[in-house]
Amino acid sequence: MPVFATAALLLAFSNVGLTASAPVFDHVIVISVDGLRPDVIDGPEDGALPGFSRLKRGPHTLQARTDATMTVTLPNHVSMATSRPVAGPNGHGWTENIDPPAARHGGTLCKKHGSYVTSMFDVAHNRGVTTAIIATKSKFSILVQSFDDAEGEMDRDGNDDGKGKVDLFAITRTSRMARDHSTGWLALHPKRSLLFVHFAAPDGAGHEFEWDTAMGSPYRAAVKEVDTEIAALMTMIDADPALRGRVAIILTADHGGGVPAKTHTEWTAPENFNVPLLIWLGSDTAATELIALNSDRRAVVPSTTYVGDDAVPQPIRTAEVGNLALQLLGLPAIPGSVANAQQDLLLIEPPAPKATQ
Ligand SMILES: [Zn+2]
């Protein structure tokens, strides 16, 4: 098996041009773990977290950052889906963190922003990629109301794949159900797909019992619960010849938590703005540090230092996820986006220049 996996990986990488920053996959799963602090998946305890441990066998960092101006759930998820910051001239502008009103009462990104806000679902769906959102909080409906048959933009890319950009939208209550929906959907074998999965459990535990990362804490138990489902999802992918080696996973979080103690609203607190960004390229590979790999194109800043939206270049932020997912599908960047808009986030070491004879 290890020999086969290596061969498959080399085959995938051999399609990469000299200037390409990442290999290309048929399926990309973006996983957001609500309230996941990086320190809880770091250190010697991570052997108890086989799912997160596997996702760390690839390019990753435990010092990615949320949006610079907000460390709450919905604005940051909209940033992931649109690769825009929350605020500013290029921002998506969705600052609410509650169930959105109905579309006819202003509950779409377009109505809040004043013009259409394109998402990773638009770019993927318009090119024939099947899309899904499986979330454990109902307010994610903003991502469907904004992109459904009534509110989505016309598809002017090649074939008309329709105005609705999200083929499946499911709200579930438990981590187990989120995984069941995800594996059930993947088992249908869409030709190409983009799946956005959200697990809320750590955030719930943090609000109720604090972001206590000690062994045996309710917060750590909730992280373990999500890890179990991620490990199961990866086992399912490994076991399916139609999926094995063809699925990339991007895992991140909308915010950490703990400042103030039972919440995460202080956006300048490292406990809140530091989040993991783990990228798994279809098989367990060598772990590489994403910030070091991208030090020529993203800011390298101590994890305790707050960085505003105005810094150039920006540190690696979770808003890059939308364009990164498209990068891994071999698709162009989201129109109007700013985070990773050049799709230049390096995931693999560029090949060394050939020595001249
Ligand atoms: Zn929360």
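Note that the structure is a prediction, hence the values are computed from the model and not measured. Each ligand, and each atom within it, is numbered from 1 in the order the structure gives. Below, all heavy atoms of this structure are taken into account, side chains as well, without hydrogens, waters or symmetry copies.
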_Name the residue from R317, R298, R297 that meets the side chain to side chain donor-acceptor pair (under 3.5 Å) definition with N340._
R298
_K165: which of N126, D122, T118 passes side chain to side chain donor-acceptor pair (under 3.5 Å)_ = N126
_Within less than 2.8 Å, report the number of protein N/O/S atoms around the Zn ion (ligand 1)._
4
*Using a cut-off of 6.0 Å, state whether more than 12 heavy atoms not belonging to E266 lie near its atom CD.*
yes
*Please indicate whether E289 has more than 12 foreign heavy atoms, meaning atoms of other residues, nucleotides or ligands, lying under 6.0 Å from its CD.*
yes
*Would you please name every residue forming a side-chain hydrogen bond (donor to acceptor under 3.5 Å, both in side chains) with T265, sequence neighbours left out?*
none
*If you measure from the Lys or Arg side-chain nitrogens to the Asp or Glu carboxylate oxygens, is any gap between K163 and D148 under 4.0 Å?*
no
